[in-house]
Amino acid sequence: MSSNIAALADEGRVEIDHVSIRFTSKKGDHLALAETRLQLEPGTFTALIGPSGCGKSTLLNALAGFVEPTAGQIRIDGRPVDGPGPNVGVVFQQYALFPWFTALGNVKFALQRFGLGKTELHERAMAALAEVGLETQADKFPGQLSGGMKQRVGIARTLAYEPKVLLMDEPFGALDAQTRREMHDLLLRVWEKHKATVLFVTHDVDEALLLADHVHVLSRAPGRIIRSYDLSASRPRAISRDFPDLLDTREEILALLKPEPAEDRGDVASVS
Amino acid sequence: MSSNIAALADEGRVEIDHVSIRFTSKKGDHLALAETRLQLEPGTFTALIGPSGCGKSTLLNALAGFVEPTAGQIRIDGRPVDGPGPNVGVVFQQYALFPWFTALGNVKFALQRFGLGKTELHERAMAALAEVGLETQADKFPGQLSGGMKQRVGIARTLAYEPKVLLMDEPFGALDAQTRREMHDLLLRVWEKHKATVLFVTHDVDEALLLADHVHVLSRAPGRIIRSYDLSASRPRAISRDFPDLLDTREEILALLKPEPAEDRGDVASVS
Amino acid sequence: MVDIRETSAAGGASSRRVVPRLPALVAGVMGSVASPLISFVIVLAIWSLVSALKVVPDAIFPSPWSVASAFAEMMENGVFFSDLGISVSRAATGFVIGASLGVAMGVLTGRVAVIRTVLNPFMTLLRPIPAIALVPVAIVWFGIGEGSKYFVISYTVFLTVWFNTHHGMEYIPDIYLRASQSLGASRLREFFQVVIPAAAPHIFAGIRLGVALAFLSLVAAELSGASSGIGYRLQESRQYIRTDRMFALLIELGVLGAIVDTIVHRIGKRIVHWQQS
Amino acid sequence: MVDIRETSAAGGASSRRVVPRLPALVAGVMGSVASPLISFVIVLAIWSLVSALKVVPDAIFPSPWSVASAFAEMMENGVFFSDLGISVSRAATGFVIGASLGVAMGVLTGRVAVIRTVLNPFMTLLRPIPAIALVPVAIVWFGIGEGSKYFVISYTVFLTVWFNTHHGMEYIPDIYLRASQSLGASRLREFFQVVIPAAAPHIFAGIRLGVALAFLSLVAAELSGASSGIGYRLQESRQYIRTDRMFALLIELGVLGAIVDTIVHRIGKRIVHWQQS
Amino acid sequence: ADTVNFAWTPNPQTPQVDVALAKGYFEDAGIDLNIVSFPSGREGFEALLGGQVDFAFMAEFPAVTGALTGQDFGVVADLARFTGSRIIGSAEYGQFETPADLEGLQIGTTLGTNVDYYLSEVLSGADVQAEVINASPVDLVSSLVRGDIQAAVMFPTFYANAKSTLGDNYRELRAPGYQVHFIIAASGDAIENKQEMMEVFLGALAKADADVKADPKAAMEAVAANMKGAMDVAAVETMWQDVDVGMELDDDLLNLLVSEGKWIVSKGVIKADEPTTESMRAYIVDAPLKAVAPSAVDLN
Ligand SMILES: Nc1ncnc2c1ncn2[C@@H]1O[C@H](COP(=O)(O)OP(=O)(O)OP(=O)(O)O)[C@@H](O)[C@H]1O
Ligand SMILES: Nc1ncnc2c1ncn2[C@@H]1O[C@H](COP(=O)(O)OP(=O)(O)OP(=O)(O)O)[C@@H](O)[C@H]1O
Ligand SMILES: [Mg+2]
Ligand SMILES: [Mg+2]
């Protein structure tokens, strides 16, 4: 595509420097994220995985500049984050579509920074919608879309924008398996083209293993990173015998996420 | 528990009789659900699976009495559904918690129909929260909970209410694998105790296979049932060699959901 | 005076109204066309009854028939239309001035902290001061001509529109601003494509209120320096104890206000259409 | 006059305010305590300047100092406190009557289709009719005593509170009603535990407006049949062209209204706390 | 004791009321007097017509309107006449020596009141054309200062203020032709059912009327006291140079009522027949005053 801001391989370094986040309310303090140190190299794909309520969304919100860390500092390319900015694209857990724009209008909004002509703007936006399989829904308003459709519009919008750092909070949670697979392909395609730094929150271990270079597992609340994995398998990957490392890592992560002494209740999709 | 309305085995029959649903807007009609016939026997557990936007939520909304079918009729125990009612419990895709009540208050709201004493009400509500692992979050308001926590409060609320018919729209979408498994156990326990008729929308084929007696697969939009499976395997189940039927069914459904001529791109968790 | 519609989950044509759990038949018969008619027949019936009972003299609580004839009389001698024209043009001018200033100021106080800090306490103090109390001041400042009338009307409209716009601006859901800023929108674009649409329901609620207030303050505005207009005619009718005319004029004011309100409401619904889908 | 806060996604103590993109220093200095002060100093400075320039005679645009001395004078001869007491009690009584009727009626028209059908057109017609226009009628109906004053105040308060409550009731997000009805709540429980809390922000917005209006209509209410009260004193000062007193009284009205508004707003925020979390 | 509701506001033209109040004549007569204040006589009159008060103090003009529209009331006493009606102008626009000086000016007044009548009498009497502009009483002075109007005809209460505000520019034209009559009207109910109460009430005023004539100085003090500082004794004294105090009912008043009635009917706002002496006479109820002060009534 026309812009190549994100193509500079040394842009998009994210440093999470001794960050912890605490919410205060009338009933006292609540540590949402325990002290966390993490560095994301430019152009890498990192997945975060952890139990519900452990602070994943909170960490993402801090990276995006929406929430201020209680302690520590977050830097992007050396500059401390002090608010939301154009360098960091976010796919929101709650979609965050503008209800006053159609699906197409929402995507166009993101494309306007490229200063395109009217026809090109329209064509690029339609192309972005087509990539998420919604070209026929372009004129619908968010209120008329199904849950999964809204999520895909949100994805199309953020990807079209080509940010240097891309934060995604359970972006595929409301999608069926097939659509989800298509979205995986799309995401990897876009990522390889623009080499954005991606941080991806998911509940699906397989998804993390299929997509990421690095997987970090968080503890129960208050979350902190308890294990990290580097995945070097080439893409496209599959969770199968062809990728034995991935299968091993999968077992390990699943065991980590189980809080009790791992009693085998047999309801895990235990691959033989 | 004290109520035994749902325990009468012949209550909770759901008949979906030639139902189709169409949305009209300025820009013309839109068929959200093609003609559908389906009968749910009392005390059975049925899963619906289908691509994004195919009309699953729409069908559930019609069953719950929120949306009126454009054609056909829905009957519960012989009586046509003409609005939301206490016989049908719903776990909402968007949680639908009352923001003015705490997590505990939301559950108490559902328990009030049992006319319990104050202490018992509190205890039962706390117990319901404990079952979804949120006993420590009882006093938080929905605005202070994480996505997965909200979903669990919604589940606790509806299960505590013990309806005859239980409709669930992607109830575990925002949960991590471990919590999801715990919720599966909880749901099956409650279901076996009260023999409610359950209709369950999910994107996760494995989840459908682990839980349901019947699985119906819907086509791309406008949705209609294209294949149905009866699962007789005893519970607890696992997607493993111990349950070869399930593995076969799984393959079939995954193939059904793939729209293109099944090219093996290798990114499916293809179990050998 | 709030008219914020929440996006309902299902919407659409066949969405079941959950609100009125009433026999469908009753609700059906009382459709939107029949509704005002039924209402007016009932009100008229009660009114006729009360005035027929003669608990108060006709000169003080006139019968519907004498009000109707006062109405006819004003129609006949042309006063009706000339008053209507002049009052509507005063209300419209005052409204346009007040509403544009109100929106502009609301945008400023809602979005710029310094301006908010300096002006809000002052505005809060102004709000409980009624327009009638300002009439003498208005006359001193703007003269006895149209100026003072515009001032009185636009003063009232301004405060209300400002208040609504201000709050609409202040309470824009963070999520929209976050999305916009993350998508690299310039401040200008954020303002016009996000802030304004997000605040639009509130702004429209304020404008709708402002329209009502423009008519409400007509009477106060036309107290001085006017020798025509509905407000003046009301004064005059009072001087000459023409209660029948007074009632006719009050009804005129009511009908006029209701019509304009309906139009504004319809326009608002069209512009802020996404709220209902 | 809308004060609906959307539940913001992050909230919490450390949530970053996304709204004002201003130098943090400026915003910091102008904290909430300093803010009104700065505002008043500026306003006072401008006022002194204008009156010092003597573009209009002091009798018509008084200086801050003459207003202050008029204030002192009223304090001294006790008029200030007796007026304050009587006006506040009138505003309070009128407000309580109007607001309770308004909430009750709003609940009815918002939730019961038959009542809505019969009453709404009539209410819509009443809204553009100002309280001052009803003063003569009020005197006839309610006497020259306190009755007519309560009527005028509660009439205005009633219409506004009704309007807000009505719309709050009508536009309760379907999702809450669906959840409630699916959870088998009785109509009573649905009403008190779902409808009322869901409409509460709107009802409070209406009540807040109603409080402002109770003060706004004091002047109209005390036009006739009163021999004390801020509104009466304003009339009296106007008769005798005591512009300094008029200004003092207007300021008194403004301060009084602002204080009560702040209190109501605070209470509302406490009660409808979930809107902000 | 019966409660008598009386619409009255402290003013310098009705010293009988001030004196009767000061000396307790109403209590002596067994009347429990409840005074209700209104910003203008017209509003007191409205309250009277609505049955809210028994007596109302006002100028004669609203009574004419009431008579023309067939209201149920009667004029029972004429307490004082104001003889100092004037047109006030600013020296910037002329010297205002004769009515002819008003030619072509914009003159402010309050339409539909007795000052409107006065102005039109002066203008038509001198055959002068001027533009009459409506303004509420309180706004006339400021409009004059601003120059929105060049002359004004206002209620006497505002004269002093006009003079002080205009300062050296103050000019007045005392064109004759009209006297304000400060009257007391009684409700139809009082006239029909409470003759005795009316006599007692007027009796107390008559007693005070005699006191005023006997000791004007004391009456001025009583007035000033009730005005609570708005006017001091000296100001009242100055004003009284133009006031003819004394309770009566005579043909002057009747003729004025007829003349004003004709003027109002000519305006076309009220649909009524041209008034005659007989039709207006029906609204003057002289019996009670005749009973307490026979010499005060002079009607044929
Ligand atoms: N605004 C808030 N006020 C108070 N506490 C909050 C707030 N937002 C989040 N929390 C708390 O912070 C913790 C972490 O929340 P967060 O949303 O980051 O979890 P998460 O890891 O994203 O969970 P999930 O997977 O369920 O979305 C939770 O315990 C939650 O209750
Ligand atoms: N209120 C509405 N107005 C118009 N069209 C609607 C409305 N609600 C849903 N639709 C349309 O109906 C179709 C089915 O929507 P539905 O929400 O039932 O899908 P779904 O199967 O639940 O999808 P998902 O898995 O993504 O949640 C979609 O095409 C959607 O655009
Ligand atoms: Mg989260
Ligand atoms: Mg759905």
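To find a chain, count down the sequence lines: A is the first, B the second, and so on, and within it residues start at 1. All values below come from the heavy atoms of this structure, side chains included, with hydrogens, waters and symmetry mates left out.
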CZ-CD distance between C/R238 and E/E46, expressed to the nearest 0.5 angstrom: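 One finds 4.0 Å between CZ of C/R238 and CD of E/E46.
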
Pairwise distance OG(C/S69) to NZ(E/K271) - rounded to 0.5 angstrom: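 Output value for this atom pair is 4.5 Å.
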
Greater than 12 external heavy atoms within 6.0 Å of E/D273's CG: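 Result for CG/E/D273: open.
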
Heavy atoms from other residues, nucleotides or ligands near CZ of C/F71 exceed 12 (cutoff 6.0 Å): yes

All side chain to side chain contact (heavy atoms under 4.5 Å, CB included) counterparts of C/A68, not counting sequence neighbours: none

Side chain, backbone, both or neither of E/I264 within contact of chain C (heavy atoms, under 4.5 Å):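 Looking at E/I264, just its side chain touches chain C.
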
Under 4.5 Å from any heavy atom of chain C - which part of E/L111: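 Contact with chain C is through both the backbone and side chain of E/L111.
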
Distance-only donor-acceptor pairs under 3.5 Å for side chains of residues 181-188 of chain E, two or more places apart:
residue: E/H181; atom: ND1; partner: E/D78; partner atom: OD2; Å: 2.7
residue: E/S187; atom: OG; partner: E/A190; partner atom: N; Å: 3.2

Pairs meeting criterion side chain to side chain donor-acceptor pair (under 3.5 Å) with involvement of residues 93-106 of chain C, two or more places apart: none

Residues in residues 228-237 of chain C near chain E [non-hydrogen atoms, under 4.5 Å]: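 Residues C/Y232, C/E236 are the ones that qualify, each having a heavy atom under 4.5 Å from chain E.
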
Over all atoms of both residues, closest heavy-atom pair of E/V269 and C/E73: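 The pair with the smallest heavy-atom distance is O-OE2, 4.2 Å.
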
Taking every non-hydrogen atom, the tightest pair across E/N134 and C/I144: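 So the minimum-distance heavy-atom pair works out to O-CD1, 4.0 Å.
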
Most chain C-contacting option - heavy-atom pairs closer than 4.5 Å, from E/G147, E/S136, E/S143: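 It is E/S136.
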
Region of C/R245 that comes under 4.5 Å of a non-hydrogen atom in chain E: side chain

N/O donor-acceptor pair under 3.5 Å between C/R242 side chain and E/I270 backbone: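 No, the answer is negative, given that no donor and acceptor are paired below the 3.5 Å cut-off.
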
